[in-house]
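This report concerns only the one structure given below.
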Amino acid sequence: QNRRQGLREESVMRVFFFRRRFLRRVSGFFVSELLHTSARLERRHLRQEDKRKKMAASGKVEDVASEVDKRTLSSYIMTTTKDMEMTIVMNAMQLACKLIARAVRKAGVANLYGLAGQENASGDDVKKLDVLSNDIMINALVNSGMCALLVSEEEEEPIIVPADKRGKYCLAFDPLDGSSNIDCNVSTGTIFSVFQRTSSSDVEPTVADILRPGTEMVAAGYCMYGSACDFVVSFGSTVHRFTLDDGVGEFIHIGGMTFPEKNKTIYSCNEGNFSLWDDPIQKATEMFKAGEKPYSARYVGSMVSDVHRTILYGGVFYYPADKKSTKGKLRVLYEGLPLALLVEQAGGVANTGMFKGSLGRIMEVMPEHIHDRCPIIMGCKRDVDKILAFYET
């Protein structure tokens, strides 16, 4: 019994010593980690303190001061056009686009989805956002004091600006292109063209001031509301892209826009109308889908989005005339002409296909009325030429 008691005491002592040794090792580990962590934090603090001292010595308040060097849309227009009136018009346009972009983002929350219960001048169903976007555009441009006449897709007749707010520019615009996609949150946009009135400033402007070919436009552009808000504009030479920085509320210059040196193989069209197209367009479409490396099909259904992608990636976008719409579906003044200017200035080709008995530049189309239409084939030269070749043979 004494021996059993001795073994029990020895076992207890052994457990005690093992536990003490274990605790010493664990505590030593934690102490060591604590010292290392403390040293790391101290080094980080010293680095931050050193950085603050250097910035204070250089006179910098924050490390983002270099962003002031970035070019805004307003400064670009002023230095490019050196035209104060054009600058004011474009400032009104970009303000309207910012407000529309905000409305598009808040559409669901503000109950702006769905139809407004009316049709526009082109016979399309009007969405609630169409109505709001149209009001924003008209108010902004009229109050700029630089516009004489406005043409909107949503208005049956042209808008004559009151004499006390009248300027020298005539604008045509689609307030919200691709609005049929609003409810499913697909990219939409605003398209505009700018003409300088030809009538005297002391008489009331008429539609003759704006019913002119695209070769007489002084500016054109669009604003696309997608994952980013991009404003793309041309004043007759080169195309430039600006992206809205929500933090400062300004469109910041991203750079020029041109077709890439190596164009992607993409065709974009509404193939649901295939059976209504003429033979050359059908053959061209079949050609794009044939061969060992067929073209990729990309079609958003919002002209702004499809043309934006076509300029950036290459390929071709087309909406030709068909048996049902013999003049095509897209409007000349506020869709065909402005986007044709941008495509040509970016290094592409914009053609009507077979229209009124011949092939021709969209830029040379003379609209017969403010909501006139024309067929559209635009994209890189390689692919537009492939389509036109079927008409020539």
Side-chain angles (χ1 to χ4, degrees), residues 89 92-93 96-97 99-101 103-104 107 112 114-142 147-161 169-183 186-195 205 207 209-212 214 217 219-225 231-232 270 300-308 317 319 325 327-342 362 365 367-376 378:
V89 170
M93 180 63 71
C97 291
L99 293 173
I100 294 171
V104 168
L112 290 173
L115 297 172
Q118 62 194 71
E119 290 185 349
N120 62 18
S122 303
D124 302 322
D125 290 329
V126 175
K127 298 290 186 79
K128 294 177 184 177
L129 265 177
D130 281 318
V131 176
L132 177 60
S133 301
N134 187 51
D135 290 343
I136 289 172
M137 288 288 290
I138 292 171
N139 289 339
L141 294 171
V142 167
C147 300
L149 182 142
L150 305 175
V151 168
S152 169
E153 182 194 22
E154 308 303 331
E155 301 289 336
E156 188 74 34
E157 300 295 331
I159 299 164
I160 307 298
V161 177
Y169 290 112
C170 300
L171 280 83
F173 54 87
D174 183 348
L176 199 60
D177 176 67
S179 57
S180 60
N181 289 323
I182 289 171
D183 294 359
V186 172
S187 297
T188 54
T190 298
I191 314 173
F192 63 90
S193 59
V194 185
F195 294 84
V207 291
D209 286 307
I210 200 167
L211 290 180
R212 293 145 66 191
M217 276 188 298
Y222 60 81
C223 186
M224 191 180 77
Y225 315 114
F231 192 100
V232 177
N270 182 359
V300 177
S302 169
M303 189 181 184
V304 165
S305 302
D306 286 314
V307 173
H308 188 72
F317 166 79
Y319 209 112
S325 303
K327 295 181 76 172
K329 184 182 177 184
L330 300 175
R331 276 60 58 119
V332 178
L333 277 177
Y334 41 84
E335 289 175 325
L337 295 185
L339 293 178
L341 174 66
L342 295 171
I362 295 173
V365 172
E368 297 173 2
H369 56 85
I370 62 173
H371 299 296
D372 202 7
R373 303 167 186 257
C374 75
I376 300 287
M378 54 177 62

From [X] atom [atom1] to [Y] atom [atom2], the distance as rounded to the nearest 0.5 Å:
{"X": "Asn134", "Y": "Ile159", "atom1": "CG", "atom2": "CD1", "result": "6.5 Å"}
{"X": "Leu339", "Y": "Ser193", "atom1": "CG", "atom2": "OG", "result": "9.5 Å"}
{"X": "Ile160", "Y": "Cys147", "atom1": "CD1", "atom2": "SG", "result": "12.0 Å"}
{"X": "Met378", "Y": "Leu341", "atom1": "CE", "atom2": "CG", "result": "10.0 Å"}
{"X": "Ile100", "Y": "Ile136", "atom1": "CD1", "atom2": "CD1", "result": "5.0 Å"}
{"X": "His371", "Y": "Ser152", "atom1": "NE2", "atom2": "OG", "result": "7.5 Å"}

Find out whether [X] and [Y] are in side-chain contact, i.e. whether some heavy atom of one side chain is under 4.5 Å from a heavy atom of the other.
{"X": "Leu150", "Y": "Met137", "value": "no"}
{"X": "Leu333", "Y": "Asp372", "value": "no"}
{"X": "Met217", "Y": "Arg212", "value": "no"}
{"X": "Asp209", "Y": "Phe195", "value": "no"}
{"X": "Asp174", "Y": "Tyr334", "value": "yes"}
{"X": "Pro175", "Y": "Asp130", "value": "no"}
{"X": "His308", "Y": "Tyr222", "value": "yes"}
{"X": "Phe173", "Y": "Leu141", "value": "yes"}

How close do [X] and [Y] get, heavy atom to heavy atom, and via which atoms?
{"X": "Pro158", "Y": "Val151", "value": "CB-CG2, 4.2 Å"}
{"X": "Pro367", "Y": "Val332", "value": "CB-CG1, 4.2 Å"}
{"X": "Arg331", "Y": "Glu153", "value": "NH2-OE2, 2.6 Å"}
{"X": "Ile191", "Y": "Glu335", "value": "CD1-CG, 4.2 Å"}
{"X": "Ile376", "Y": "Ile362", "value": "CD1-CD1, 3.7 Å"}
{"X": "Leu149", "Y": "Val207", "value": "CD1-N, 4.1 Å"}

With Phe192, which residues qualify under ring pair (Phe, Tyr, Trp, His ring centres under 6.0 Å), at least two apart? Phe231

Within the distance-only criterion (no hydrogens, no angle test), does the side chain of Asp177 pair as donor or acceptor with the backbone N or O of Val304 below 3.5 angstrom? yes

Tell me if a side-chain donor or acceptor on Ser302 pairs with a main-chain N or O of Ser187 at a distance below 3.5 Å. yes

side-chain contact (heavy atoms from CB on, under 4.5 Å) between Lys329 and Asn270: does it pass, once the steps are laid out? CA-CA 11 Å; Lys329 184 182 177 184; Asn270 182 359; over 6 Å; no

Side chains of Tyr225 and Thr190, donor plus acceptor under 3.5 Å: yes

Can you name the salt bridge (charged side-chain N to carboxylate O under 4.0 Å, His left out) partners of Asp135, sequence neighbours left out? none

